[in-house]
Structure formats: C-alpha cells, structure tokens
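So you know, we letter chains A, B, ... as the sequences are listed, proteins then strands, and number each from 1.
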2 protein chains.
Amino acid sequence: MKQTENISIETLRSRFGEAGLRFTRQRETVWNLFARSRRGFSLVEAAKALRKKRVGPATVYRTVALLEEMGFLCRIHDERREHRFVACTPGHVHHLVCRGCGRVVEFAACGIPILERLLAVETGFSIEGHYLEVYGICSECRGANK
Amino acid sequence: MKQTENISIETLRSRFGEAGLRFTRQRETVWNLFARSRRGFSLVEAAKALRKKRVGPATVYRTVALLEEMGFLCRIHDERREHRFVACTPGHVHHLVCRGCGRVVEFAACGIPILERLLAVETGFSIEGHYLEVYGICSECRGANK
DNA sequence: CCGTTATTGGTAAAATTTATCAGTTATGAA
DNA sequence: TTCATAACTGATAAATTTTACCAATAACGG
C-alpha cells in the first residue's frame, strides 16, 4: 500500500487561487509542517511548533480549519483522546494509526457499503456516510520491541 | 434493530461496588441524565444540565470520565465536530448517528475484520482495533421534512 | 449508629480557543 | 515595476473549557 503522496505546493497554490484565497507565507509554512509529518499534530502542538517560524497562534487555528475545509487536512481522533490533523488526499479516505509511534497511513475502505445497506434496512435510517479509523502497530514499532 | 437497552441502576451500583467505588447521589444523577437521552451530551451540556440538579462541574467531568472508563458511556465524535457521550452497552459496539436530531443507535458491526486482514497484509501493521461511526437520517427526521 | 475515607463543591487557576482591529502583504491591474 | 485594494496576520484581550485544590460531606462496612 502506498504511503500517502502529498499534494504539491503548486497544486495547493492553484486551489487557493481558484477559491479566491491568497497563498501566504504563513499558509505555506503551516502546510509544510503537516506535509512533512507522518504523525500529524494537534492544534496546540502545531501552534507551538509554528511559533518558532513566525506564525501566530490565531493564524495556525485559522489555517488548519481552512485546510481541513478544503480537504487537505484530515482530523484523526486517535483512539478516543487527542485530536490530530494529518495531510491527506482529498476525497473519501480512512486512516490506519500506529498505537506505537502514531504514524498514519491512508487507505480507501470498502466493505462498509454492504454494512450500510444492512443498517438502512434494520434501522429505517437513510445512510449518508461513515467515519472509520483502524488501530494497530506498524512493523517498525514491532521490530523495536524485540 | 433494538433500541439501546440501558444498564439497570442496580447493575451499575454493583459494578461500582466490585470496583471499590461508591455509588453516590451525584453519580446516579449523572448516569440518569445520559441513560434517558437518545442523543447524549457533551461535557459542557452535561455540566450545565446537572448544575440544576446540584451536581458540580468538577464532579460531572470526573464522573463522565469514570463512566467512560467503566464502559457505560461511549464517546461519539459526531461528524468531526463536538464530542458527545452516550449511554452504551459495554463491549465492542458502534454507533449510527442521525444528522437531523442526533439520536444514536447502537449496532454490532461486522465486515470490518475482513478489511483488517487485508490491511495487515498490505501495510505490515498488526491490526488491533477500529473505530467506526455511521451517519444518516432517521425515519422520524425524514418524515418531518415532508 | 459510628468511624473511615472516598467523594464532592466552590473557587481559583490553567489551558485552550475565539474575537478584535490596526498594520502588513499577496494579488491583479495599470 | 508600481500601485491600489482587500485579504490576511499578529498581538492582546476576552471567552470558553478543563483541571487543581482542599475543607466539608456522606457512602459504606462493621
């Protein structure tokens, strides 16, 4: 399974342009932080890391929300505790999260649609979507424990 | 599909006893709030609702965390925004959430294990668990829109 | 009923998130 | 390249959410 291939800066810039938004130094800096991390960051972590790079906290909050809306960042719930954001491929994807190092691998799930049809019949709901996150230990973390 | 059948107060009381914990008026009050709601509450909502019933905010936070640890409350992410807690059957269950009224219906998922085996092969992770939440519109909310 | 001790409430403090607005800067046009 | 416009930012204040603290309370066993 391929590791997440990140969106290029140029793609990002043009998507901003199309939306009538400016691609500022700060926005690029925020994106780079996430694009280079397999694990992602919580808002607090990102704000702290970006302060050193002259990006104010308010801008970090605003930019992360914006990138999430645009589909470039995904929110990871990470086993019921902290929220993190990771760079992701726009569209419907899911994440496999390592309980050891926290690294995130994207995958395009399936098998769920069948379940959804069953649920629709049994509950009377019309099903519109789902959120799935899988947890495990990556091979690297397994190796480290030996 | 059956509506969530709540744990009885007596069951709850004895589980507290077994764990060496006291079953106080406040803890019972907190439980009752959640047990009677199909939708659940966020911590802020619960704290506000319980203040009227003479349960302090600190106690609400502590008790919700405790009930979650014991498996009587489950955390709902609710479509990427607010966290809510709902009374749930202990064990591995998932939730179907109405985008209209927010009501939550439990279900025991399946189909996921097959996906997990596939992911294990493709990523090298050893898979240990997952979190699944499904969104839709309940029949009551659909009816209301007509 | 009593004593022990877990639990609570009320408040203070900490941590997180949002609002505000004057100053900055990306962008397109000239 | 320069300029004008308006989006964006930063710094701080304010609001909101969560945790810490400790004397007072009350659940539970004996």
Just the rounded figure in Å: distance from [atom2] of [N] to [atom1] of [X].
X: A:L21; N: C:dA26; atom1: CG; atom2: P; answer: 15 Å
X: B:H83; N: D:dT17; atom1: NE2; atom2: C1'; answer: 14 Å
X: A:Y61; N: D:dT12; atom1: OH; atom2: C1'; answer: 15 Å
X: B:R13; N: D:dA27; atom1: CZ; atom2: C1'; answer: 10 Å
X: B:L66; N: C:dA6; atom1: CG; atom2: P; answer: 14 Å
X: B:K48; N: D:dT16; atom1: NZ; atom2: P; answer: 11 Å
X: B:L50; N: C:dG10; atom1: CG; atom2: P; answer: 13 Å
X: A:R22; N: D:dA4; atom1: CZ; atom2: C1'; answer: 11 Å

Report yes if at least one side-chain N or O of [X] is closer than 4.0 Å to OP1 or OP2 of [N]; otherwise report no.
X: B:T59; N: C:dG9; answer: yes
X: B:T24; N: C:dA6; answer: no
X: B:Q26; N: C:dG9; answer: yes
X: B:R27; N: C:dT7; answer: yes
X: B:R25; N: D:dC28; answer: no

Has the side chain of B:R51 got a donor or acceptor that lies under 3.5 Å from a partner of the other kind on the base of C:dG10?
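Checked by distance alone, the answer is no.
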Considering only side-chain heavy atoms of [X], which listed nucleotide, [options], is closest?
X: B:L43; options: D:dT18, D:dG10, C:dT27; result: D:dT18
X: A:R62; options: D:dC28, C:dG9, C:dT20; result: C:dT20
X: B:V55; options: D:dT18, C:dG9, C:dT16; result: C:dG9

May I ask you to decide whether B:R13 forms a salt bridge with B:E10, counting only side-chain N to carboxylate O separations under 4.0 Å?
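Result for this pair is yes, salt bridge flagged.
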Looking at A:E140 and A:R103, is any side-chain nitrogen of the basic one under 4.0 Å from a carboxylate oxygen of the acidic one?
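A salt bridge is present here (some side-chain N lies under 4.0 Å from a carboxylate O).
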B:T89 and B:E106 side chains, donor-acceptor separation under 3.5 Å:
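Their side chains do contain a donor-acceptor pair, which is all the 3.5 Å distance test asks for.
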Determine whether the aromatic ring centres of residues B:H83 and A:H83 are separated by less than 6.0 angstrom.
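Centroid separation for A:H83 and B:H83: below 6.0 Å.
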Residue pair A:F41 / A:V30, side-chain heavy-atom distance below 4.5 Å:
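No, every pair of side-chain atoms sits at 4.5 Å or beyond.
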Earlier contact from the 5' end, DNA chain C, for B:G56 and A:A58:
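Its nearest nucleotide being more 5', the pick is B:G56.
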